[in-house]
Structure formats: C-alpha cells, structure tokens
Amino acid sequence: MNSFSRAEVGAAPAPYDPAFDPLVSRSPGHNMQYAPTYWVASAGEPPMDDGPIRGDVDADVVIIGSGFTGLATALFLAREHGIRATVLEANQVAWGCTSRNGGQGQNASGRLYRSQWITRWGLPTALRLDEEIRAGFDTFVQLTQEIDCEPQPGGHLYIAHRPKKLAFLRHEAEVMRKHFGYDTRILTGEEVRRHWCGDQEAAGAMHEPEGICVHPLKLAFGYMKMARALGARVHPASPVTGWESRNGVHYLRTPGGIVRARAVAVATGAYGLPGLSPWLKNRVFPVLSNSIVTRPLTDEELQATNFLTHQAITDTRTLRFYYRLLPDRRVQIGSRSAISGANAHRESHYRLLVNGLARKFPALKGIDIDHSWWGWVDVSHDMMPRVVQPDPMQSVYYALGYGGNGVSFSAHAGRRMAERVAGLRGPEIDLPIYDSALPFPRQGEWAAPWRRLGQSMLYRWYWLRDEIL
Ligand SMILES: Cc1cc2nc3c(=O)[nH]c(=O)nc-3n(C[C@H](O)[C@H](O)[C@H](O)COP(=O)(O)OP(=O)(O)OC[C@H]3O[C@@H](n4cnc5c(N)ncnc54)[C@H](O)[C@@H]3O)c2cc1C
C-alpha cells in the first residue's frame, strides 16, 4: 500500500518509529509511515488529501490531528455549520490510535461504568449523561451506515474471566436494565461457549445489544472523504511545532509555513506532546495498548473455537483483553502493554497476547500471527473524556480523554466540538464531560512526573488481583 499522501508523491515518508513515546519524544513525528497494523494493510489506497502545508496560509478554523476526532469535527463543521476547516496532521491521515485500535464501537465513553456514574454524580445526572452517550452512539451508527467500513453489528459480550467476576456483571446488568432501560442480559459460561464463542475462561457474560465493530481505518477514510467533499482541507505531513496567540489570532508553525487561524480545535488524542498547548499539559496520561491479528482460521479451527459471533468481546480483567472474529475469519486480540515506548517492542508484551489467546481458545495455540502493533491511548485522570473550550477568552477547544473507548464516541465528540467552534451551546453543556477542563492527577499537578511509577505498581497489583487472588 502507498503509505504516503498522494499529493506528496515523490517525498518518501519517514520510517515508522515503534519507540515513539508522547512523554519522551521531542517531535510528534513528521510524515512518519503508519504503524504496521492489519487495518493499514487492508484499508486499500488512502483517499486524496491536500498535501503538506507549503507557505503561510490563512484559515478560519484549524483542527490539529486527523484521527476520528479531528476528521469528525471537520465533517460536522462542514455538514452542520457550513465551516470549512483546515486539518493539520503530523504524519499520515489517521496515523495515531485511529489506525491502530480494535474497532469495537460501544455505547460508552471513558472508563467508568454506568453504576460508577451514579455513585459519582447521582442518578439524575447519570441519566442525562446516558442520554448523551446514547445519542453519541447513534451518531456513530449513522456514520457506519453511510461509510463502507465492514460494520459488524449485534452488541458487546462482556465475559467474566473468573467466576468471582459474575457478581459484578450481574450488578452492572441490573443497573443497566433498571435505571437506564437497556436490554442487557446475563449468560452462563455454558451458554457463552455453546452459542457465542468457545472461550474456555468464560465463567459467564453480560450481553448488551448496543455495539458495532468496524474497520477503523476505512471508517476514518470515509470521514475524510465526506469532509473534503464539503470543502474541508486535510494536510498530512504538517506537524504543528509551535503555537502563538496574539490579538485573537493563532499562529501555528509547521515545517512548511505558518497557519493563521481564528479558532483552533485540538484533536491529538494521546499523541499530542505536552508542550503543544498549555491547556493540555499533564492532563492526559498516555497508556500503551497492543494488538495482534492471526491468519484466517481454517474450517477446523472455526469449529474448534466455536466462534459463532462477530460481535465485540471484552473480558473482566482490569487490563482487559478485547477480541473478535474479523470478517475474513482472522481473530484480533489486544490488551494493555508496556509502560514506556522504549519497552513496547519487548517479547513479553507480544507473549501476553499470544498466551491469552491460547488460554481462551486452545485450538489457536501456535497459530501464525500476521500482524502485531501498539499505540497510545488517551486516558484522563478522572477516567472520563472532555469536549470543552478550556478558557472562555480563547478560541481554543479540545476533545479527548476517551480512555480506550473512543471508536464510537469520538464521532459525537467531533460533532459537539464543531458546535462549540460554531458558537452553539446546547442543554447538554452542563454535563460532566462538557462543563470542566480535563483534571490534573488527583494528587495534584506535582504528581504528573511520577505517574509511570504509579502505573507500573498498579499493573502488578491488577495482575495479582485478576489472576491469583
Ligand atoms: C491498540 C489500541 C486499541 C484500541 N481499541 C479500541 C477499541 O476497540 N474501541 C474503542 O472504542 N477504542 C479503542 N482504542 C482507542 C481509540 O482508538 C481512540 O480513542 C481513538 O482512535 C482516538 O481518536 P483521536 O482522533 O482522538 O486520536 P488519534 O487517532 O490518536 O489521532 C491523533 C492524531 O493527532 C496527530 N498529532 C499529534 N500531535 C500533532 C501535532 N503537533 N501536529 C499535528 N498533528 C498531531 C497524531 O499524529 C495523530 O494522528 C484503542 C486504542 C489503541 C491504541
């Protein structure tokens, strides 16, 4: 596949840096090749783009980052507000998480369960938040119907990887049914293995009918095509390396020239370096997740694994496995990975996935793995995303902090960010994901440099709790 912008034909992309680490790297990259993902290998030729920025340019609205969030913002700005945005991407289109995820679109965002929403904000707010997240899921569903992105609808199977996790699932299913009106149900381990998939660890499961898996890069390319058809401009190989604001005008420095903008929407996920904008410094915690894809399963392997569903599957480990059968009979499985980019290549992280797959599906022990990659997830310090204008005096907006749950909600976050840029404030504005900036670590900003130390200790504790205790 041609991995550089067609408008940039002739300029070879820079090699992919597997050790890229947003907390350590000095640059967001410049025209770097894609990570070696299954999605990149199977998405086909990237659509036309507008090439890198060449010379100084004036733009009404600039969006930094061309993942789901940035492209959806551009799409909704054009479609619903008639604003033609300029998207600046450091590397290739959708180079970050958007070309690396598991493609599981769920009726969720952030890392908190609905029962935790009630505990944190009370039932009335939790109900309104649910309405908003559900509207977000509808936005996503609508887009998956407009774009050829290999949708796999049907829902999400949340598997108890040990019997002791069943009580938690029963409680969550009850909350979903009783308070929020979802048709969530509990399955026994036997039912899971007989009617869904032969996961040998499954002690039972919760099934929610909302959930669609997609080919994420095809979806992103679809967002981009629709946005450009409406007048948006998308410039890959155009990293923003400096940002000054004077008299209401933003001056964004890129290697090809300065882009002057009236408003800036930041959609850099976990890939924005801390120095890019003062509004985001120490407010996003980048966490690695890795993923593998097997070769297509044979008839015998399909029978032995009893994979009868293409729906999204996750399990109850704190650092959960997420997996599914892809349309071409391959299995994708992912989980959390290394603490730092420098260690991401280590065999132990790859082994975690290969061994996890074999434990769940013994017939797949030793199966060829065709694709292996990793990427940085944008985790917020209170586990919920934000779509905000952090300073009412500045025409700057951001949408991020999905915590590994951004495939679906990023579409709606882009829609809401487009509304804010267009000056609209709906009745949802006082919800916790819209009414405040991303918080610093709970202990205070001073704790930011120590987060990885804490993360490393937490990972050990999670492993102990999930596998032994
Ligand atoms: C391995 C993995 C598996 C995942 N699985 C799932 C899943 O199954 N379901 C789910 O819901 N979520 C999943 N996620 C999370 C999901 O992929 C993200 O929430 C979503 O893609 C975020 O999109 P985004 O547009 O906000 O950010 P990104 O897609 O990360 O895009 C940010 C972009 O900003 C660019 N950028 C950064 N700095 C600059 C700069 N200075 N100038 C210009 N451009 C810049 C980057 O190059 C990047 O392309 C997963 C993530 C990973 C890594």
Side-chain angles (χ1 to χ4, degrees), residues 20 22 25 27-32 34-35 37 39 53 62-73 87-111 140 156 211-214 216-217 219-220 223 235-243 252-255 259 264 266-277 280 284 286-292 312-314 320 322-324 332-337 344 353 372-379 385 387 398-411 413-414 417:
F20 176 84
S25 300
S27 144
H30 182 192
N31 200 20
M32 227 192 283
Y34 284 112
T37 77
W39 315 118
I53 291 289
V62 163
I63 298 165
I64 308 178
S66 72
F68 286 138
T69 307
L71 294 172
T73 306
V87 182
L88 302 178
E89 165 56 50
N91 300 294
Q92 319 294 317
V93 169
W95 178 86
C97 263
T98 294
S99 54
R100 310 178 193 214
N101 58 71
Q104 297 196 1
Q106 298 184 11
N107 177 26
S109 186
R111 304 208 59 75
F140 170 72
H156 167 224
I212 299 186
C213 294
V214 293
L217 194 51
L219 184 67
Y223 288 3
H235 298 279
S238 303
V240 176
T241 55
W243 179 347
L252 303 169
R253 192 168 59 244
T254 74
V259 183
V264 179
V266 183
T268 49
Y271 285 85
L273 302 195
L276 175 66
S277 100
L280 284 168
V284 182
V287 170
L288 271 173
S289 180
N290 61 351
S291 178
I292 54 174
I313 310 175
T314 57
R320 64 188 170 186
Y322 50 93
Y323 43 110
R324 65 171 158 130
Q332 178 275 330
I333 183 166
S335 186
R336 285 298 149 89
S337 161
L353 298 186
S372 163
W373 69 89
W374 49 86
W376 293 94
V377 172
D378 50 328
V379 178
V387 183
Y398 64 70
L400 36 77
Y402 313 117
N405 240 332
V407 167
S408 68
F409 191 70
S410 52
M417 184 146 74

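Remember, it's 1-based here, ligands and their atoms both numbered in the order they're listed.
- Note: no N/O pair closer than 3.5 Å links Ala270 and ligand 1 by distance alone.
- Considering only heavy atoms from C-beta on, Arg336 comes within 4.5 Å of Val287 through its side chain.
- Protein heavy atom closest to atom 34 (O) of ligand 1, with residue, atom name and distance, is Gly65 CA, 3.3 Å.
- In terms of protein heavy-atom proximity, atom 36 (N) of ligand 1 is nearest to Thr268 CG2, 3.9 Å.
- Proximity of Gly334 to ligand 1 is not established, as no heavy-atom distance is less than 4.0 Å.
- Ser66 contributes a side-chain N or O that, together with a main-chain N or O of Ala94, makes up a donor-acceptor pair within less than 3.5 Å.
- Side-chain atoms of Gln92 and Asn31, non-hydrogen and from C-beta on, do get closer than 4.5 Å to each other.
- Each of the following atoms of ligand 1 lies closer than 4.0 Å to a heavy atom of Val377: 51 (C), 52 (C), 53 (C).
- Taking a cut-off of under 4.0 Å to the non-hydrogen atoms of Arg100, the atoms of ligand 1 that pass are 1 (C), 2 (C), 3 (C).
- For Pro239, the heavy-atom gap to ligand 1 drops under 4.0 angstrom.
- Among all protein heavy atoms, the one lying closest to atom 27 (O) of ligand 1 is Gly269 CA, 3.8 Å.
- A distance of 10.5 Å separates CZ of Phe409 from CG of Asn107, quoted to the nearest 0.5 Å.
- In terms of N/O distances under 3.5 Å, ligand 1 is not approached by Ala399.
- Contacts between Tyr402 and ligand 1 below 4.0 angstrom, taking non-hydrogen atoms only, involve the side chain exclusively.
- For atom 43 (C) of ligand 1, the nearest protein heavy atom (residue, atom name, distance) is Ala90 N, 3.2 Å.
- Contact atoms of ligand 1 toward Asn91: 47 (O) (distance under 4.0 Å to a heavy atom of the residue).
- The atoms of ligand 1 that sit less than 4.0 Å from any heavy atom of Tyr271 are 30 (O), 37 (C), 38 (N), 46 (C).
- Taking CZ of Phe140 as the start and CG of Leu219 as the end, the distance is 6.0 Å to the nearest 0.5 Å.
- Residue Pro28 has no N or O atom closer than 3.5 Å to an N or O atom of ligand 1.
- In summary, the side chains of Gln332 and Ser291 do present a donor paired with an acceptor at a separation below 3.5 Å, with no hydrogens or angles considered.
- Of all the listed residues (Leu288, Thr73, Ile64, Leu88), Ile64 holds the heavy atom that lies closest to atom 40 (C) of ligand 1.
- Here CD of Glu89 is found 12.5 Å from NE2 of His235. Values are rounded to the nearest 0.5 Å.
- Atom numbering of ligand 1 starts at 1 in the shown order; those under 4.0 Å from a heavy atom of Phe68 are 21 (O), 25 (O).
- The aromatic rings of Tyr271 and Phe20 sit parallel, their planes meeting at an angle under 30°, below the 60° perpendicular limit.
- A donor-acceptor contact shorter than 3.5 Å is absent between the side chain of Thr69 and the backbone of Ser410.
- The shortest heavy-atom contact between Phe68 and Asn101 is CE1-ND2, 3.7 Å.
- In this structure, CD1 on Ile64 lies 4.5 Å from CH2 on Trp243, to the nearest 0.5 angstrom.
- Close approach to Gly103 involves these atoms of ligand 1, each under 4.0 Å from a residue heavy atom: 8 (O).
- In terms of protein heavy atoms, atom 49 (O) of ligand 1 is closest to Glu89 OE1, 2.8 Å.
- Summarising the contacts of atom 15 (C) of ligand 1 with Ala413, Gly404, Pro236, Ser277, the nearest heavy atom is found in Gly404.
- Checked by distance only, ligand 1 and Gly375 stay at 3.5 Å or farther apart across all their nitrogen or oxygen atoms.
- A cation-pi arrangement is present between Arg100 and Trp95 under the rule of less than 6.0 angstrom and at most 45 degrees off the ring axis.
- Checking Gln332, Gln92, Gln104 against atom 8 (O) of ligand 1, the nearest heavy atom belongs to Gln104.
- Evaluated by nearest non-hydrogen atom to atom 1 (C) of ligand 1, the leading choice among Trp376, Trp243, Tyr322 is Tyr322.
- Among protein heavy atoms, atom 30 (O) of ligand 1 sits closest to Cys97 N, 2.9 Å.
- Annotation: Thr69 places an N or O atom under 3.5 Å from an N or O atom of ligand 1; distance criterion only.
- Of the protein's heavy atoms, Gly406 CA, 3.2 Å lies nearest to atom 19 (O) of ligand 1.
- Expressed to the nearest 0.5 Å, how far CD1 of Ile63 lies from OG1 of Thr268 amounts to 12.5 Å.
- With hydrogens and angles disregarded, no donor-acceptor distance shorter than 3.5 Å links the side chain of Asn290 to the backbone of Trp373.
- Judged by distance alone, the side chain of Asn91 and the main-chain N or O of His30 form a donor-acceptor pair under 3.5 Å.
- On a distance-only criterion, Gly102 and ligand 1 share at least one N/O pair closer than 3.5 Å.
- For ligand 1, the atoms sitting less than 4.0 Å from at least one non-hydrogen atom of Gly96 are 29 (O), 30 (O), 48 (C), 49 (O), numbered in the order shown with element in parentheses.
- Considering each of Asp378, Asn101, Val240, Leu273, the one bringing a non-hydrogen atom nearest atom 42 (N) of ligand 1 is Val240.
- The backbone N or O of Gly403 sits less than 3.5 Å from a side-chain atom of Arg111, completing a donor-acceptor pair.
- Looking from atom 21 (O) of ligand 1 to the surrounding protein, the closest heavy atom is Thr98 OG1, 3.1 Å.
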Q: Mind running side-chain hydrogen bond (donor to acceptor under 3.5 Å, both in side chains) on Ser289 and Tyr322 for me, showing each step along the way?
A: CA-CA 10 Å; Ser289 180; Tyr322 50 93; 2.7 Å; yes
